[in-house]
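To start, the structure itself, in structure tokens.
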Amino acid sequence: MLYNRSSFQSSFSLREKFFNLDLVLLFSILLLGIISIFAQFSSSGGIFDYYSKSHALRFSVFFLFFLGVSFTPIRFWHNSSFLLFLSLVGMLLFVKFYGVQSQGSRRWVNLFVINLQPSELMKISIILFLSNYYHKISEGDVNKIKYLLYPVLAIMAPFILVLTQPDLGTAILILLSGVVVTWLAGVKWKIFAYLSLAALIFAPIAISFLKPYQKSRILTFLNPDADPLGAGYQIIQSKIAIGSGGLFGKGFLNGSQAYLNFLPEKHTDFIFTLYSEEFGFLGSVLMVFLYSLITYRIIKIGTETRSIFGKLFCYGFANAFFIYVAVNMSMVLGLLPIVGAPLPILSYGGSSMLAIMFGLGIVMSCNVYKNNAIG
Amino acid sequence: MLSFNSSNIASKTRTIGRRMFLLNSIKAVVVMGIFVRLASLQISEVSKYRSLADKNRFRETKFAPPRGVIEDYFGNEIASNTRIYQLHITPENTPNISKLLTRLKSLINLSDRRITSIQKKIIKQKKWETTIISDNLTWSEFSRLNLFLHELEGAIPIVSVARIYKNDASAHAIGYVSEVSPRDMRNKKYLSKLNISGIAVGKTGLESTLDEDMLGSPGYLRYEVNAYGKKIKQVSIDNGKKGKTFRTTLDNEVQLFAAKSLENVSGAVCVMDIYNGDIISMVSSPSFNPNSFVHGINQNEWNGLLNNRDKPMINKAISGLYPPGSTIKTLTALSALENDVVNSRLTVRCKGYIDLHGERFHCWKKEGHGLVGMRTALKKSCDVYFYEVARRLGIDRLANTAEKFGLGKKVLQNYREEKAGTVPNTKWKIRELGKNWYLGETLHSGIGQGYFLSTPLQLTLMTAQIANGGFKLKPRILLHENDQVSNLQKYLDHKNSTPGNIMSTEDQIFNFGLQPLFRNQENINLVKDAMFAATNEVGGTSYRSRHKNKKFMFAGKTGSSQIKRFTEEQREAEVKQENISYLERDHAWFVAFAPVSNPRYAISVLVEHGGSGSSAAAPLAKNIIKKVLERHQGRSSYSNRKMENI
């Protein structure tokens with residue numbers, strides 16, 4: 001078996017690395033990025049303005065970043081995950097007191113080049129951190145109270161920090177991403193049941209801390225027609241836009257709802273609405289297919305990866321990625337309340353795209369270095 | 001570094017794989033859910049959301065098309081449209097509204113009060129809706145506006161059309177239009193459907209009843225607007241459909257002549273074709289200027305109309321109720337003959353009064369008419385004779401005949417303001433007043449006083465139905481393309497085309513499907529003959545107003561309806577009508593048909609507080625009859641030409 005490479009070979013030539021790239025995933029991401037540039041262009045009313053320009057620039061830069069992450073050994077990401085997590089918690093604390101304020105919440109830290117939103121990166125970092133954590137722990141220890149303390153603390157700290165920014169949507173996504181990894185690692189149902197029960201008991205107390213606008217969003221979801229010009233306006237207009245798109249859509253740059261400003265936040269949370277209005281049912285199904293394909297390829301890489309860290313991260317990230325897509329689409333389709341969750345890559349937003357590309361890069365890195373030992 | 005044994009890793013991998021499989025199944029379900037939702041929104045409910053999106057997208061400005069025109073019989077426009085000059089502003093395009101209004105004040109006639117009301121209105125409505133600053137500018141104001149238009153940002157000069165009435169003579173028959181009121185919106189369903197602010201709608205007369213058809217279908221301008229309501233571009237324009245034009249039976253020239261005849265009195269004139277029921281003329285006096293209402297009447301003019309003693313806003317021809325007075329003696333005589341209560345040879349001695357159960361009933365002639373028969377009684381309008389006839393006839397049979405001849409119910413269906421009047425009988429009195437009928441009231445009713453109330457148009461119809469030989473007539477004021485030639489008209493055409501061919505009454509009725517109002521036509525002829533005598537024989541009540549020219553000779557009956565009974569003292573003192581106060585004088589009536597040789601038209605003239613029919617009403621009727629007969633040739637040839645065209 002000497003002619004066979006060792007499973008624990010640590011260095012590859014660049015050529016080998018390139019062949020280890022998952023090209024289906026790579027081109028799906030590229031295609032999604034190109035569609036996103038067109039969507040942002042349409043969202044700006046058919047001109048290259050600040051939004052569409054900076055989105056195109058960001059995607060180009062972040063795509064290179066993604067490739068860079070892909071070719072960085074997976075071991076590096078494994079080793080630096082704790083540091084990354086800690087520094088993001090630090091940034092969240094920093095944001096709490098010195099963050100840039102916008103529309104009543106402090107979410108951003110001014111990095112001069114961009115206003116970074118640490119909470120977005122936290123969505124990835126929590127998966128990374130927990131994958132690292134469970135990579136080391138033997139299966140027998142997973143359900144011991146002692147070993148549960150860390151994960152609970154690691155999830156609750158960023159959750160509460162982000163929730164109080166306030167940013168309900170991101171906080172919930174961080175919570176979900178963390179919980180899913182924990183569960184995948186083998187933590188028993190029973191423990192989740194106890195924790196949920198505890199959460200349920202504390203929920204009324206937590207709700208009393210919710211801002212009035214957050215409460216009204218939940219109420220609005222339950223009956224959007226009650227206040228058609230207020231908070232329900234967004235859901236109604238979004239449904240009108242999507243519904244009026246029909247089978248084939250109104251055509252590129254012809255979405256009247258978006259063009260005439262009936263759509264709120266059309267660059268960010270409601271970008272899918274605009275896309276769906278212009279490209280109709282067929283275009284929307286294509287988009288759902290593209291996101292499903294990306295999710296599938298991530299899961300496939302996770303399955304092929306031998307290390308527990310890589311597996312947990314890929315699965316955890318696949319689930320998180322899918323949740324972002326599902327939550328955003330369900331939201332604009334009127335199936336969930338408006339919580340403020342961007343659609344990966346398609347939505348305008350630097351931090352969100354950076355986080356997604358970072359996550360995808362690590363997944364790709366898992367594939368490139370799939371035979372590498374982590375240690 | 002190899003701290004994990006391979007079985008640990010394998011077991012961990014199995015757990016993770018198993019749990020991931022479960023999550024993937026959930027993902028598949030969620031994807032299906034999104035797929036189904038997309039399909040339901042974009043495929044099943046696409047039309048619902050399309051229309052909602054269009055509702056978002058488009059905003060329509062409706063505007064009224066030109067209103068339908070009302071013509072007289074010969075096609076002359078009585079109510080037509082004219083070009084007017086207006087000034088509109090749209091608040092969203094006006095940077096400074098109060099500054100603009102101040103500037104406008106120096107250019108056009110704009111009162112401070114109007115400015116305040118405009119500003120109030122602008123606050124209430126949407127900023128893209130146009131506000132009318134002035135809806136009827138003079139040409140000089142309009143040209144001045146256009147000259148300074150560059151300084152008046154937001155002001156839009158508009159050339160539009162509005163109603164114009166050629167004269168006041170037909171103001172009552174035609175009615176008038178004015179700006180729609182909240183009450184109109186409530187009462188008229190079609191208006192809420194139209195939903196054009198400030199549109200002129202018919203308020204009275206034909207303008208009111210034909211309003212829906214004359215409004216036409218509105219035009220609209222369709223704009224694409226954005227979410228903030230700002231107009232992006234004009235998408236389409238629809239000019240709407242002009243309202244329907246209506247032709248009436250009125251003769252504009254007769255209208256003008258009749259109005260002129262009534263110039264200095266308060267009253268009404270109605271002229272009717274006795275064969276086809278055409279209303280040739282319907283005039284009420286004094287009249288008003290209907291054009292004043294089109295652009296909003298000013299308070300002074302309105303108060304002047306409301307407080308006028310002679311009530312110019314009321315169409316006396318159909319809404320004025322008066323006791324018919326002696327004109328009803330024709331029906332009293334007819335009813336008695338038809339019911340075989342008396343025969344025409346009945347004579348009564350009139351000594352100026354009769355006493356009945358201790359009450360004295362006076363004849364208008366204090367010294368009495370002596371021995372009179374029916375013809376003379378009608379000719380001289382002897383009250384005592386008709387007291388006797390009425391006493392024998394009874395009120396119920398008289399009422400029956402009166403109703404048959406068109407009293408007590410509306411003549412036309414075209415007027416909301418038309419009144420039905422009253423034909424009293426024993427049942428009516430118990431129902432309305434809760435009292436029994438007294439014989440004395442029968443006597444008063446027999447000479448058209450007491451409870452009887454009728455409109456000038458009703459008495460015209462009554463006279464027309466006597467004049468045409470006693471056949472039921474369906475009056476009309478509107479002509480329609482699909483009007484059938486009336487049976488009476490066919491009968492007339494036959495009579496004219498075969499002179500000398502005398503058909504028995506039974507054959508006439510049978511051949512032409514006529515509806516006789518009589519049992520024996522002789523009785524009708526007897527009344528007609530007596531009316532001839534009243535006008536054309538010495539001693540007749542309207543002898544002084546007769547036409548000597550055979551062509552214009554007419555037969556008529558005078559009447560006066562009492563406002564206030566004379567006291568015994570006044571009667572003894574022989575007080576003349578001219579000497580009592582205006583509002584206590586009797587109303588003067590005259591009903592007639594002409595020409596006597598071959599009757600064609602019936603007329604009634606009412607002069608409020610005119611004193612006596614023979615002196616106040618009959619001379620007016622004489623002139624109008626001449627005018628109508630002079631126009632007859634033109635009218636019938638015009639109608640023949642029309643027939644050929646159809």
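Numbers restart at 1 for each chain; the letters A, B, ... are given by sequence-line order, proteins then strands.
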Exercise for review: For a side-chain contact (heavy atoms from CB on, under 4.5 Å) with Leu23(B), tell me which candidate from Phe322(A), Tyr315(A), Trp183(A) qualifies.
Suggested key: Trp183(A)

Point to revise | Donor-acceptor pair, side chain of Lys12(B) and main chain of Ile137(A), under 3.5 angstrom | key: yes

Point to revise | Any donor-acceptor N/O pair, Arg37(B) side chain to Leu333(A) backbone, under 3.5 Å | key: yes

Check your understanding: Any side-chain heavy-atom pair from Val285(A) and Phe35(B) closer than 4.5 angstrom?
Key -> yes

Review point. With a 4.5 Å limit on heavy-atom distance, are the side chains of Tyr291(A) and Val31(B) in contact?
Key: no

What distance separates [X] [atom1] from [Y] [atom2], expressed to the nearest 0.5 Å?
| X | Y | atom1 | atom2 | answer |
| --- | --- | --- | --- | --- |
| Ile240(A) | Leu52(B) | CD1 | CG | 4.5 Å |
| Ile34(B) | Met287(A) | CD1 | CE | 12.5 Å |
| Leu312(A) | Thr13(B) | CG | OG1 | 9.0 Å |
| Leu282(A) | Ile43(B) | CG | CD1 | 7.5 Å |
| Ser244(A) | Lys48(B) | OG | NZ | 12.0 Å |
| Ile9(B) | Ser138(A) | CD1 | OG | 11.5 Å |

Practice item. Considering only heavy atoms and a distance below 4.5 Å, find which of Ser284(A), Gly246(A), Ala326(A), Ala318(A) pairs most often with chain B. Key: Gly246(A)

Exercise for review: Go through Leu247(A), Ile242(A), Val180(A) and name the one with the most non-hydrogen pairs under 4.5 angstrom from chain B.
Suggested key: Ile242(A)

For [X], which atoms come within 4.5 Å of any heavy atom of chain B: side chain, backbone, both, or neither?
| X | answer |
| --- | --- |
| Tyr134(A) | backbone |
| Ile323(A) | neither |
| Val142(A) | neither |

Point to revise | All side-chain contact (heavy atoms from CB on, under 4.5 Å) counterparts of Asn187(B), not counting sequence neighbours | key: Arg183(B)

Engaged part of [X] at the chain A interface, taking heavy atoms whose separation is under 4.5 Å:
| X | answer |
| --- | --- |
| Ala39(B) | both |
| Ile26(B) | neither |
| Asn24(B) | side chain |

Check your understanding: How would you list, by chain and number, every residue that makes a side chain to side chain donor-acceptor pair (under 3.5 Å) with Arg114(B), sequence neighbours excluded?
Key -> none

**Study point:** Thr131(B): partners by side chain to side chain donor-acceptor pair (under 3.5 Å), with sequence neighbours left out
**Key:** Gln125(B)

Study note, to complete from the structure: For residues 272-281 of chain A against chain B, heavy atoms under 4.5 Å, the residues are Phe272(A), Ser276(A), Gly280(A), Phe281(A)

